[in-house]
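Here is the structure we will look at, set down as structure tokens.
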Amino acid sequence: MANVELIKVEQRRNGHLLFNVRMQTAAGRMELPTAIEDQGSSALNEAAVLRSTLAFAEGLAAAVRSKLRGG
């Protein structure tokens, strides 16, 4: 099972927020910086970060599977 932690790093003047997404699994640990537009509340911002991270992870998984198949 994975543990995911969101850490707000900074708020930028252009309305963007920078988060670090930390994930710990049995296979290891990874940290991914993620920038989003401010959604207006902590809960909405965290949901946006998680959606962005999930989309990135799905793209990464597809690319890795392709490489493993020799593509």
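Only a predicted model underlies this, so the values are computations on that prediction, with no experimental measurement involved.
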Exercise. When rounded to the nearest 0.5 angstrom, what distance separates CD in E31 from CG in N20?
Worked result: 4.5 Å
Problem set entry | Distance in Å, L32 CG paired with S52 OG, rounded so as to fall on 0.5 Å steps | 7.5 Å
Problem set entry | Residue from E10, E37, K8 passing side-chain contact (heavy atoms from CB on, under 4.5 Å) with L17 | K8
Problem set entry | Student check: side-chain heavy atoms of I7 and F19 closer than 4.5 Å | no
Exercise. Should T34 and L18 count as side-chain neighbours, where that means a heavy-atom distance under 4.5 Å?
Worked result: no
For this session: Please step through side chain to side chain contact (heavy atoms under 4.5 Å, CB included) for the pair T53 and V4, ending with a clear verdict.
Result: CA-CA 11 Å; T53 302; V4 176; over 6 Å; no
For this session: Check whether the side chains of Q39 and N45 place a donor and an acceptor atom closer than 3.5 Å, and report yes or no.
Result: no
Exercise. Is there side-chain contact between R22 and R29, with at least one heavy-atom pair below 4.5 Å?
Worked result: yes
Problem set entry | Heavy-atom check, side chain of D38 versus side chain of H16, under 4.5 Å | no
Exercise. Can you tell me how far CD1 of I36 sits from CD of E46, rounded to the nearest 0.5 angstrom?
Worked result: 9.0 Å
Problem set entry | hydrophobic_cluster_shared for M30 and L54, side chain cutoff 4.5 Å | no
